[in-house]
Amino acid sequence: AFEVRLASSGRVIPVPADRTVTQALANAGVEIMVSCEQGVCGTCLTRVLQGEPEHRDSYLTPEEQAANDQFTPCCSRSKSACLVLDL
Ligand code: FES
């Protein structure tokens, strides 16, 4: 498990092992548009301001993934204890 922090409000939302980031956000009332929910389409792409995502998508190039400044919250997770999102 890890948590995400919303940069705009400072809200911290825990992401349990059995939920995706988009599910955890939706439960907290923060809706992110999703489509494929498999890391293919890029609809959910979200900017990451701090922390290191664990990329599980096939949408970003390896170079884009390595930059760690965006991720796909429908399927990707976090290597850091906390990811700060531009939300
Ligand atoms: Fe398609 Fe996240 S919804 S990549």
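If you read the sequence from its start, that first residue is 1, and numbering goes on from there. Atoms within each ligand, like the ligands themselves, are counted from 1 in listed order.
- Remark: T22 pairs with T20, I32, V34, P73, C74 by the side chain to side chain contact (heavy atoms under 4.5 Å, CB included) rule, at least two apart or across chains.
- Looking at heavy atoms from C-beta onward, T43 lies out of side-chain contact with L45 at the 4.5 angstrom threshold.
- Side chains of Q65 and D57: a donor-acceptor N/O pair is present below 3.5 angstrom, by distance only.
- Under the 4.5 Å side-chain contact rule for hydrophobic residues, V48 and V21 share a cluster.
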Side-chain polar contacts of residues 2-13 - donor-acceptor pairs under 3.5 angstrom, sequence neighbours left out - could you list them?
unit_1	atom_1	unit_2	atom_2	d
S8	OG	L87	O	2.7
S9	OG	R11	N	3.2
R11	NH1	A28	O	3.2
R11	NH2	A28	O	3.0

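- The count of protein N, O or S atoms under 2.8 Å from atom 1 (Fe) of ligand 1 stands at 2, with waters excluded from the count.
- Legend: salt bridge (Lys or Arg N to Asp or Glu O under 4.0 Å) pairs involving residues 67-87, not counting sequence neighbours, sorted by first then second residue: R47-D86, E52-K79.
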